[in-house]
Engineer: 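Handing you this structure, nothing more for now.
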Amino acid sequence: MFKKIFTREVLTEANTVTIDYSSRPQVCGFTIDSSSSKDLDDAIWIEIINNGAILSIHITDVSAYVHKNSALDKEALTRVETVYLAKGNIPMFPRILSEEKTSLLEGKHRPTLTVKITLDSSANIVNTEIQETLLISIKRFAYEEADLTLISPSKQLYPLLKYCEIWAKKLNYLRQDRGAIGSMSIGDLNLDEEGNITKEIQYNSQQIIAEFMILANMAIANFLLEKTQLGMYRNHKAGEIPEDRNTFIKSLRDLGSSELIRKYLQSHLKPAVYQENCEGHFALNLDSYCHFTSPIRRYADIVNHRIIKSIIKGENIPYTQEELEKIANHLNEYREQTRQTKKEIMKAKSQAIINQNLQDESIYSRLSAKEFTKLLEVANDENIGKLLPEIINRFNKNTLTLKDVALIIFKHELKLEELKDWGDKNPSDFLQALNSIARQMGKQVDFIYEELSAPPFAAWLVVDDETTFNPEIANSKKEAKQSAASQWLVAFCEEELVTIEERNFNFQNTSKIEKNTDNTNNLLAIQNDEIEEEEEWIEDEDYFWGEEFNEEYINEIFESSDNSIAILNNLSQQLSWPVPNYKYSSLANGFQCIVTLILEDKTFTNKGNGKSKKEAKQLAASSLLKRLKQTFAYSSFD
């Protein structure tokens, strides 16, 4: 997949290409990078002014050496980016360019493009200037040395580094306040600019460089939009997430578990892509963003360099829209193939290690919880027997995880006496793990409820049409649901599960049956005379507002915001409702939004018309809220 060898033509061009930079104004800066890095493509500088600061980000001018459609350019386009391996890298350009002629080495003259950004006291951009420059890097900092300098006032460049740290913190605070999740921390996890979990940030100086580079990329994207519209933009979109960004971020922080956060992000965020038109960046919460600061390592950056240079020189843009679209598609396809290849390689390596561990029973007890879970995931009918003693051992030590238990039940279908009371230990967590793993393995998980005179609720857990003979009865649906899951596990271990049709219908006279399943026809093989009219259960307000309904609490939610969309999202989150669904259609003078909220068997649908999608959505949400208030007629909502 990765090309390691350059052709003779490419190497000859890299060795012979020269440029004249005598007319460029000289600028000052210093680099901060890993101690092992050789391809240094950015340097920084800072000036403090009244009510603000001027940040200069100097980016090596690779495009001065690599002309469009040259042998070097064509080769770089096929490679797309430098590939970093555990040991060394596979460069996008020959090392004579990437590590010598274009690398911003200390004390060496290097042609650069300088992005000079004036910030106000709150770190908002006041002005952006871009020019071709000549950099002499006065210092090459490794992260470790930069961090040591930040706490050592007597060291060289301490004041400059300290100012950089102060303004980087201001930039970071501004991005947090803006609602960015990219290049931020959630709990103990660090996220890259696209919201992917990345390695731990070890040094303060790493955050300085991250903030300065994001600022430069943002400023360049804004500049492109103002001057030409076309560019190689880095666009990022969200999937199905709450409309309110604060709700989304709060949900992330509340998850706690790194694995849950990882899955939540993967399911709610789409991969970022290159496009010739700007569509915004969700994770950074920016209207425009692009890549500009790493031209040695990324081809997209070189494209933007050429466009920017043509603008500041008053020349024609060197790309048509069709050319940019073709390049963007190529970059996206390559990056997706690379992502999949790396994923497969890592999976194969992990699988090989796990398979080796499966053969060595002596190491089972020394495996971490995560490693043992991996063994359970890959074990098959032939070797699961080897793991049985360690399963029992970990059960006795209370070190089996909830995922372990779910895998033992649903993947391996081991009916162990020791597991019977597991559901009673952590009923809520057990139910969540059971439901998650079962669905991952293609099993249908549902609940059947019956509302009784006293106590009020009975529930059966159903997995692939099998359930317990008797239901579990409790004072709330939540308690009945958790107890039903625990009892299902007992019946599973004792091989006493029955089909839905075989369950006990006569355990107590029922006043009505309530259903919560996507598989209604299959689950409720019940005579019609056992089901009351739909209108009767609508009268049960707690059915919608939750078991712990409190007028004051619900009223607080309604008064928490003037934003109807946010209120609906808050209700859905707090009361475990489904997230409302919004659909749009175009009108002659604007848009129509139809919002649908499904609460068990009751469907609420309202619409709103507006000049923009946002306005139509707000009106639809507001209309739905009014209908909900009228439906349940609570005086506290008046």
Side-chain angles (χ1 to χ4, degrees), residues 237-248 250-251 264 267-270 282 435 439 444-449 477 481 513-524 531 533-547 549 554-555 557-634 637:
K237 297 180 181 179
E240 297 179 3
I241 65 165
E243 181 69 16
D244 185 277
R245 180 176 290 268
N246 291 330
T247 300
F248 176 65
K250 183 179 184 301
S251 297
Y264 190 82
S267 62
H268 288 77
L269 297 181
K270 297 179 180 179
F282 174 80
N435 187 56
R439 291 185 185 278
Q444 182 70 35
V445 180
D446 294 290
F447 281 89
I448 298 176
Y449 297 110
K477 278 199 274 185
K481 192 175 182 179
I513 293 179
E514 174 183 320
K515 43 193 180 294
N516 178 17
T517 173
D518 296 328
N519 196 15
T520 305
N521 293 332
N522 180 44
L523 284 180
L524 296 178
I531 305 177
E533 292 297 320
E534 185 178 81
E535 288 76 7
E536 293 183 22
W537 62 259
I538 294 177
E539 294 174 0
D540 176 14
E541 294 88 358
D542 284 5
Y543 188 81
F544 291 104
W545 300 115
E547 296 90 28
F549 169 74
I554 299 300
N555 194 50
I557 297 178
F558 270 91
E559 295 177 353
S560 62
S561 171
D562 294 329
N563 186 326
S564 297
I565 299 170
I567 295 173
L568 272 178
N569 287 333
N570 200 4
L571 284 169
S572 299
Q573 182 182 29
Q574 299 299 324
L575 304 178
S576 299
W577 286 358
V579 176
N581 176 262
Y582 298 92
K583 291 187 177 180
Y584 302 91
S585 58
S586 298
L587 301 176
N589 59 347
F591 297 89
Q592 181 178 87
C593 175
I594 297 177
V595 58
T596 302
L597 177 65
I598 301 175
L599 301 180
E600 305 297 344
D601 288 351
K602 184 68 173 176
T603 300
F604 295 85
T605 301
N606 287 78
K607 64 182 179 181
N609 297 339
K611 294 181 180 179
S612 65
K613 287 185 178 179
K614 183 177 181 179
E615 181 183 359
K617 186 174 184 179
Q618 279 287 0
L619 291 172
S622 177
S623 179
L624 176 55
L625 281 177
K626 290 178 182 177
R627 184 178 174 190
L628 288 173
K629 293 178 185 179
Q630 292 169 357
T631 300
F632 303 111
Y634 287 112
F637 293 156

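Computed from a prediction, not measured in an experiment: that's the story for all the values here.
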Engineer: Rounded to the nearest 0.5 Å, what's the gap from CG on Asn606 to CG on Leu619? Could you check?
Structural biologist: 11.5 Å
Engineer: Going from CG on Leu625 to CG on Leu597, what distance comes out if it is rounded to the nearest 0.5 angstrom?
Structural biologist: 9.5 Å
Engineer: Provide the closest heavy-atom pair for Phe591 versus Ala616 in the form atom of the first, atom of the second, distance.
Structural biologist: O-CB, 3.6 Å
Engineer: Quick check: closest heavy atoms across Pro580 and Val595, and the distance to 0.1 Å?
Structural biologist: CB-CG2, 4.0 Å
Engineer: Partners of Ala621 by side chain to side chain contact (heavy atoms under 4.5 Å, CB included), sequence neighbours excluded?
Structural biologist: Ser564, Ile565, Leu568, Tyr582
Engineer: Would you compute the distance between atom CD of Gln618 and atom SG of Cys593 and round it to the nearest 0.5 angstrom?
Structural biologist: 10.0 Å
Engineer: Once rounded to the nearest 0.5 Å, what's the spacing between atom NZ of Lys607 and atom CD of Gln592?
Structural biologist: 5.0 Å
Engineer: May I ask you to test the Ile594-Thr605 pair for a side-chain heavy-atom distance under 4.5 Å?
Structural biologist: yes
